[in-house]
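Nothing fancy with the numbering, it's 1 onward along the sequence.
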Amino acid sequence: MLRRKPTRLELKLDDTEEFESVKKELESRKKQREEVDVVGVASSSEMGGAVGGAEGKSREQMIHDRIGYKPHPKPNTLPSLFGNLSF
């Protein structure tokens, strides 16, 4: 196996600025989520927890959308299994 020289990585000023901007954006999103969670907890406690069930379903749906999961099975008909076979 051939050995090559180590790759030199350079950290530029633009890279650090981009990192800081992304870090601030993530922190602001986290704060917004915490504020929404605090408001959501207050409203669900006022409504007797009825909101919690709908929230769980929407969270599950968001996860399915994010990963591309489609829980509805495709029909097992010949055209869907083999495509359009024409000879």
Please list all pairs passing the salt bridge (Lys or Arg N to Asp or Glu O under 4.0 Å) test where one or both residues lie in residues 11-24, with sequence neighbours left out. none

To the nearest 0.5 Å, tell me how far K30 NZ sits from E25 CD. 15.0 Å

Apart from I67 itself, members of its ILVMFWY cluster (side-chain separation under 4.5 Å) are Y69

With sequence neighbours excluded, residues passing side-chain hydrogen bond (donor to acceptor under 3.5 Å, both in side chains) with R3: none

Is K31 paired with E35 through a side-chain N to carboxylate O contact shorter than 4.0 Å? no

